[in-house]
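Numbered from 1 within each chain, the chains take letters A, B, ... in sequence-line order.
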Amino acid sequence: MSHKAIANYNPAEIEGRWQAKWEADGLYCSDVDPSRPKHYALTMLPYPSGDLHIGHWYAMTPSDARARFMRMRGYNVLFPIGFDAFGLPAENAAIQHNIHPKVWTYRNIERMRKQLRTMGAMFDWRREAVSSDPEYYRWSQWFFSMLYKHGLAYRKMSPVDWCPNCNTTLAREQVWGEDRHCERCGTPVTKKNLEQWFFKTTAYADELLKYDQIDWPERVRVLQTNWIGRSEGAAVYFTTEQGDTIEVFTTRPDTLWGATFMVLAPEHPLVARLTSTEQREVVEEYIQQTLRQSDIQRESAEKEKTGVFTGGFALNPVNGRRIPVWIADYVLMTYGTGAIMAVPAHDERDFAFALKFGLPILPVIDRPDGLTKSYAVAGSMRPGFLPALKAAGIPCEEQDGAVKVTMPAEKTQAYIEIAKEHLNEGYWNEIVGSQWLFLFDNGIWEWESPESEARILSRCKEMAPNVAFARTLMEMLWGNEFYRDALFHTEYGAMIHSDRFSGTPGDTAKPQVTQWLETERKGKHAVNYRLRDWLISRQRYWGAPIPMIYCAECGEVPVPDEDLPVLLPDDVEWKPTGESPLKLHPTWRHTTCPQCGGPAERETDTMDTFMCSSWYHLRYLSPWYRQGPFEPAEFDYWMPVDTYTGGIEHATMHLIYTRFFHKACRDMGILTGDEPMLQLRNQGMVLGEDSEKMSKSRGNVVAPDNLVNAFGADAVRAYLMFFARWDQGGPWSSGGIEGVIRWLRRVWAMVLEPGRGQADASTIRGLRRKVHQTLRAVTRDFNEFEFNTIVSALMELLNEMSKAKQLGAAGTSAWDEAVDVYLRMLAPVAPHISEELWAQLGKPYSIHTQSWPEVDEEAAREDEITLVVQVNGKVRDRIAVSADISEEEAKTRALASEVVQKYLEGRAPRQVIYVRGRLVNVVA
RNA sequence: GCCGAAGUGGCGGAACAGGCAGACGCGCACGACUCAAAAUCGUGUACCCUCCGGGUAUGUGGGUUCGAUUCCCACCUUCGGCACCA
């Protein structure tokens with residue numbers, strides 16, 4: 001080694017210097033250039049919480065590396081940044097520190113801008129957008145007006161989730177967990193009834209379910225699909241005895257004949273009219289009780305069904321059966337129509353309800369597997385019952401003095417014969433193929449119509465005048481575990497006990513019944529969604545004011561476009577009182593009606609911040625533009641977003657909203673294209689060293705600023721790419737980053753320390769092979785977002801290059817090529833050290849505007865391969881052979897192996913398998 | 001309960017057409033340099049056995065195949081989402 005001293009790798013010195021130069025040179029400014037293909041790389045915009053978290057680095061620096069890679073591949077890359085600056089945390093933090101939310105927010109933004117610059121990311125800061133700037137929220141308001149004018153925004157009184165701590169309404173998506181707590185502060189939510197603004201997301205439910213134009217992770221697509229929750233079925237019209245229509249939604253119209261009662265949500269509008277005088281008191285009490293309960297109580301672990309009978313009846317439209325109408329809190333006013341037909345034989349919840357309140361259970365769907373079930377109680381059996389069943393080959397088991405029988409349909413007749421002989425008369429019953437058979441007096445009585453239910457009960461009484469028997473029978477019927485199993489199932493089998501539809505096979509039952517309902521005008525095909533319209537009203541200060549005016553004469557009037565933005569006043573009491581702070585401002589809400597000029601009042605609620613973040617990728621295109629939300633020429637060139645990166649936690653919120661927003665804007669003629677973001681990739685989460693989620697209270701927070709000071713941004717970037725699969729994340733390791741630091745120091749030394757000597761041809765050939773093989777792997781991994789293997793491949797190549805240098809490769813053209821390619825591959829990962837080394841080698845500024853190298857396939861080709869020789873699938877030998885060896889030659893060489901001969905013991909192989917360039921498997 | 005993902009050394013992870021399991025890094029052990037330590041460099045490091053050479057290993061049990069971490073079936077565990085959704 002040379003004695004000439006080289007400077008040590010000092011990231012603190014070189015990183016600041018290059019960042020300043022890149023900034024001054026506008027190296028990362030991206031402008032419209034139709035002569036080059038564009039690539040819009042977007043990373044989710046941060047909330048200005050005050051400090052850049054390691055999670056921000058984990059999300060952004062690999063995204064930056066990929067954007068840089070795309071740039072070197074010849075794309076004109078846009079990689080913008082901004083701040084999602086409105087929202088609750090600003091107010092919460094402001095309350096704590098008694099500082100105005102605006103001051104708090106902009107102070108944080110200033111701080112985070114500085115921190116973001118230390119990443120060395122290729123952000124185009126000219127395009128920065130801040131959602132709380134009036135120039136930004138002016139257009140958030142404009143979009144609101146557009147949605148309103150196109151009938152996609154509407155106002156209604158509705159019960160909403162309310163956080164008593166934050167004193168605000170929450171979107172459904174902001175209520176988390178089993179105990180239904182506030183996403184922000186963790187407080188359990190309650191309900192409140194308010195006039196609220198909604199966007200009609202449900203109008204796009206079906207289109208949102210289509211993912212054929214986008215390359216998004218399966219995981220996100222599944223989450224969105226479940227969130228939207230499309231159910232297909234039928235709407236069916238029941239009629240009350242008062243003559244009102246109750247519409248229900250069901251996914252199982254084929255079970256309509258089994259509807260033995262109805263249940264309405266306690267809040268259902270028809271409850272009052274249905275309730276009989278006798279029941280009025282209990283019904284009202286139940287409703288009061290339901291309302292008093294918070295959601296936590298209502299959905300607590302105790303799943304015991306509650307409910308009360310209204311005293312009213314309705315008619316089942318398919319068979320005219322008069323069925324009782326109940327109310328129960330397991331029926332939700334917020335899903336479907338708030339009313340259900342209850343089919344206890346084929347719906348678990350209805351079954352539980354029927355068991356508890358003794359309501360009839362009528363199976364109307366046969367078991368598709370054809371198995372029948374029976375049950376005989378102790379005391380009813382004459383000796384020999386069990387042996388007789390076994391002799392007949394009928395599967396049965398004895399348990400708790402009872403006999404359970406599960407038999408195939410074809411054994412039914414045999415079973416009945418045996419039962420007649422061996423069971424005491426009048427003491428048993430069974431279910432065969434979902435048909436109730438009562439065997440009394442050695443005769444069979446089939447329950448084939450609902451009316452026979454009453455006949456059975458009266459017959460029971462006849463037979464057992466002391467009523468005890470009837471009681472026992474009922475317990476067996478409703479309360480016994482086996483009978484549950486026999487009675488209740490949710491499969492799709494042939495219809496039974498369903499008049500003309502009896503016998504209809506399970507696979508066609510639903511469409512046939514639906515068709516018939518439509519022709520009879522008793523119902524229609526219907527689709528229901530779990531997704532609800534997007535509630536955007538917030539009774540908070542720090543948000544974009546909803547640009548609406550209420551006039552006594554003209555009603556709702558949107559603020560005219562030329563009057564936008566509706567400015568958020570600074571002199572407001574922003575501490576939460578439960579009222580919208582803007583309502584308490586002395587003058588702000590008073591205005592004049594844009595239509596009639598009379599006195600009017602402004603809407604005092606502000607918008608959900610997800611509204612602001614639904615279109616920020618559009619504002620990035622031209623934050624300077626004043627004639628619209630974005631400059632058309634910029635849109636036409638850059639949109640749609642090619643690569644969107646961010647956290648999975650936005651799968652059912654932001655990522656649904658922004659797709660809805662884009663589609664709505666398309667239909668309003670504001671923009672073109674069906675999808676805003678073509679490709680989505682999610683990163684995982686960085687955990688603390690204790691494998692727990694990082695939190696201040698746990699004291700396991702890793703602060704990126706400290707790391708950057710200690711090791712440099714390049715090392716932090718590289719370690720974040722290396723330490724885990726990017727989409728998975730994992731625990732931080734302070735030992736792990738040391739390994740990456742060592743690697744960068746070795747790169748530094750390898751490039752700068754002079755080497756000497758003359759390497760032989762095979763060293764040179766080997767060096768070039770490794771370089772180009774690595775290039776191939778790194779290129780692929782960048783395309784696939786597999787950052788961890790990029791770093792390991794570069795480490796591996798460094799090891800190889802160090803060896804080659806020892807062997808005297810330095811100074812050759814192959815060495816120069818290797819270093820050149822190495823630095824280019826390193827540039828996206830570690831932009832500072834690669835730029836510095838590039839400059840020290842006297843290469844033209846900047847490495848980041850260089851092109852990505854091309855793989856030299858000839859150089860990457862293997863000359864010699866290790867042929868693996870297996871005997872019966874086990875590796876027994878390895879032979880070095882030429883890479884272009886023929887199949888015949890390979891097999892011959894393998895069979896000639898001494899080891900193989902040993903295992904063959906002189907026998908001829910039964911089969912010899914050859915996998916080109918890899919192995920020979922000798923099957924003995 | 002329903003939907004989804006994942007289980008590989010002491011640890012993070014690799015294996016990208018079904019074809020050498022454990023790349024790369026951390027940690028650990030030994031060695032070199034040093035008065036010494038740190039740093040750096042080198043060597044080794046899945047487990048078991050008699051250490052020549054074998055055997056066993058990718059959550060568990062089956063299956064397909066000449067050959068399975070990879071494909072199929074069942075189960076177990078962990079994580080994430082939804083949850084009385086009719």
Side-chain angles (χ1 to χ4, degrees), chain A residues 1 176-178 180 217-227 229-231 233 248-252 255 263 265 298-299 303-306 328-332 334-343 346-350 352-353 528-532 648-649 651-652 684-685 691 718-719 722-725 727-740 742-743 745-746 749 777 780-781 784 786 788-799 802 866-878 909-924:
Chain A
M1 282 296 133
W176 285 13
E178 240 171 84
R180 297 182 47 77
E218 166 88 20
R219 207 163 139 218
V220 174
R221 299 201 312 262
V222 168
L223 281 171
Q224 293 206 346
T225 302
N226 292 345
W227 188 262
R230 183 181 200 272
S231 304
V248 302
F249 172 74
T250 177
T251 55
R252 293 295 300 271
T255 65
V263 188
R298 191 162 161 176
E299 293 178 16
K303 292 242 169 150
E304 185 81 0
K305 292 273 179 294
T306 63
D329 62 9
Y330 82 92
V331 174
L332 311 173
T334 47
Y335 184 82
T337 60
I340 62 158
M341 65 172 199
V343 184
H346 306 294
D347 181 279
E348 207 170 340
R349 297 150 299 172
D350 299 344
F353 196 79
N528 221 307
Y529 300 94
R530 189 185 162 281
L531 182 77
R532 292 191 228 145
I648 186 83
E649 67 272 17
T652 52
M685 209 196 304
S691 296
Y719 181 63
F722 175 65
F723 87 106
R725 259 173 58 181
D727 58 352
Q728 218 165 272
W732 178 266
S733 153
S734 48
I737 195 169
E738 299 277 355
V740 171
R742 266 174 235 162
W743 165 59
R745 286 199 196 113
R746 291 180 65 208
R780 187 194 59 212
D781 289 347
E784 303 296 319
E786 287 172 12
N788 56 338
T789 44
I790 290 171
V791 177
S792 33
L794 289 174
M795 287 174 169
E796 219 177 318
L797 177 57
L798 175 77
N799 294 343
S802 298
T866 303
L867 192 66
V868 171
V869 181
Q870 296 181 331
V871 177
N872 292 333
K874 291 205 162 109
V875 179
R876 297 299 181 186
D877 203 1
R878 294 182 174 84
R910 277 194 294 166
Q911 199 184 346
V912 181
I913 286 152
Y914 174 66
V915 182
R916 206 169 77 82
R918 290 190 189 272
L919 63 73
V920 175
N921 187 12
V922 178
V923 186

Upstream residue (5' side of RNA chain B) when S231(A) and V222(A) are each assigned their closest nucleotide: V222(A)
Closest heavy-atom contact between P731(A) and F723(A)? O-CE1, 3.4 Å
Whenever both distances are under 3.5 Å in a Watson-Crick or G-U wobble pair, mark it; put RNA chain B into dot-bracket that way, with [ ] for crossing pairs and | when the partner is on another strand. (((((((..(((......[....)))((((((.......))))))((((...))))..(((((..]....))))))))))))....
Rounding to the closest angstrom, what is the interatomic distance between A86(B) and C76(B) at atom P? 26 Å
Just the rounded figure in Å: distance from C1' of A86(B) to CE of M341(A). 8 Å
Has the side chain of Q870(A) got a donor or acceptor that lies under 3.5 Å from a partner of the other kind on the base of G19(B)? yes
Under a 4.5 Å cut-off applied to non-hydrogen side-chain atoms, are T250(A) and M341(A) in contact? yes
What's G730(A) touching, base or sugar-phosphate or nothing? Going by heavy atoms closer than 4.0 Å. nothing
Conformer about C1'-N of G9(B) - syn within 90° of 0, anti elsewhere: syn
With heavy atoms under 4.0 Å as the rule, sort N528(A) into base, sugar-phosphate or nothing. nothing
Measuring to OP1 and OP2 of U40(B), would you say a side-chain N or O of R746(A) lies under 4.0 angstrom away? no
Sugar-phosphate, base or nothing in reach of R916(A), heavy atoms under 4.0 Å: nothing
Could you give the distance separating G59(B) and G10(B) at their P atoms, to the nearest angstrom? 14 Å
Integer-rounded Å distance: A39(B) C1' and R745(A) CZ: 8 Å
Under 4.0 Å between a side-chain N/O of R252(A) and OP1 or OP2 of A86(B), yes or no? no
Classify the side-chain pair N799(A)/R746(A) by whether it contains a donor and acceptor separated by less than 3.5 Å. yes
Nearest listed nucleotide, side chain of R876(A), among G55(B), C26(B), C3(B): G55(B)
Please work out if G684(A) contacts a base, only the sugar-phosphate, or nothing of the nucleic acid, heavy-atom cut-off 4.0 Å. nothing
Could you give the OH-to-C1' distance, from Y719(A) to C24(B), as a whole number of Å? 13 Å
When the distance from CG of L797(A) to C1' of G25(B) is rounded to whole Å, what number comes out? 16 Å
Among C24(B), C66(B), G4(B), which nucleotide sits nearest the side chain of N799(A)? C24(B)
In terms of side-chain heavy atoms of K305(A), which of C66(B), C20(B), C84(B) is nearest? C84(B)
Relative to the 5' end of RNA chain B, which residue comes earlier, D347(A) or V923(A), by the nucleotide with the nearest heavy atom? V923(A)
What integer number of Å spans the P atoms of G9(B) and C72(B)? 22 Å
Non-hydrogen side-chain atoms of F722(A) and L794(A) separated by less than 4.5 Å: no
Would you mind telling me which of A86(B), C20(B), C3(B) lies closest to the side-chain atoms of R349(A)? A86(B)
How would you label the contact of F722(A) with the nucleic acid (heavy atoms, under 4.0 Å): base, sugar-phosphate, or nothing? base
At under 4.0 Å between heavy atoms, what does R878(A) touch on the DNA or RNA strands: base, sugar-phosphate, or nothing? base
Would you name the heavy atoms of A724(A) and N788(A) that are closest together and state the gap between them? O-CB, 3.6 Å
Rounding to the closest angstrom, what is the interatomic distance between A15(B) and C24(B) at atom P? 13 Å
Applying a 4.0 Å non-hydrogen cut-off, can you work out what I913(A) is touching in the nucleic acid: base, sugar-phosphate, or nothing? base
Please measure how far the P atom in G53(B) lies from the corresponding atom in C66(B), and state the result in whole Å. 32 Å
Phosphate contact (C26(B) OP1 or OP2) by R742(A) side-chain N/O below 4.0 Å: yes
Are side-chain heavy atoms of M795(A) and V740(A) found at a separation under 4.5 Å? yes
If you define the side chain from C-beta out and look only at heavy atoms, does anything of N872(A) sit under 4.5 Å from V923(A)? yes
I'd like to check T255(A) versus D347(A) (side-chain heavy atoms, cut-off strictly below 4.5 Å). Are they in contact? no
Between C1' of C11(B) and CD1 of I737(A), the distance in whole Å: 17 Å
Quick one: which protein N/O atoms are closer than 3.5 Å to N/O atoms of nucleotides 14-18 of chain B? Pair and distance per line, please.
| residue | atom | partner | partner atom | Å |
| --- | --- | --- | --- | --- |
| A14(B) | OP1 | N788(A) | ND2 | 2.9 |
| C16(B) | N3 | E786(A) | OE1 | 2.9 |
| C16(B) | N4 | E786(A) | OE1 | 2.3 |

Without swapping roles, check the side chain of D350(A) against the backbone of V343(A) for a donor-acceptor pair under 3.5 Å. yes
So which heavy atom on A651(A) is nearest to which on Q224(A), and how close? O-NE2, 2.9 Å
Rounded to the nearest angstrom, tell me the gap between atom CG in N921(A) and atom C1' in C66(B). 5 Å
When you measure from the side chain of K874(A), which nucleotide among C3(B), A86(B), U56(B) comes out closest? U56(B)
Closest approach to the side chain of M795(A), judged atom by atom: which nucleotide of C82(B), C24(B), C20(B) is it? C24(B)
Among A86(B), C20(B), G4(B), which nucleotide sits nearest the side chain of T866(A)? C20(B)
Residue pairs, two or more places apart or on separate chains, that pass salt bridge (charged side-chain N to carboxylate O under 4.0 Å, His left out) and touch residues 866-875 of chain A: none
Taking atom P in both A23(B) and C47(B), what distance in whole Å separates the two? 13 Å
Rounding to an integer number of angstrom, what distance separates G12(B) and G19(B) when you compare their P atoms? 25 Å
Name the orientation class of the two ring planes belonging to Y719(A) and W732(A) (parallel below 30°, tilted from 30 to 60°, perpendicular beyond 60°). perpendicular
Report the distance from atom CZ of R219(A) to atom P of A5(B), rounded to the nearest whole Å. 10 Å
At under 4.0 Å, does any side-chain N or O of R530(A) touch on OP1 or OP2 of A83(B)? yes
Closest non-hydrogen atoms of F249(A) and S231(A), given as atom of the first, atom of the second and distance, are CZ-O, 3.6 Å
Looking at Q728(A), I'd like to know whether one of its side-chain N or O atoms comes within less than 4.0 Å of OP1 or OP2 on A5(B). no
Roughly how far apart, to the nearest Å, are U45(B) and C35(B) at atom P? 32 Å
Atom CD of Q224(A) and atom C1' of G81(B) are separated, to the nearest Å, by 13 Å
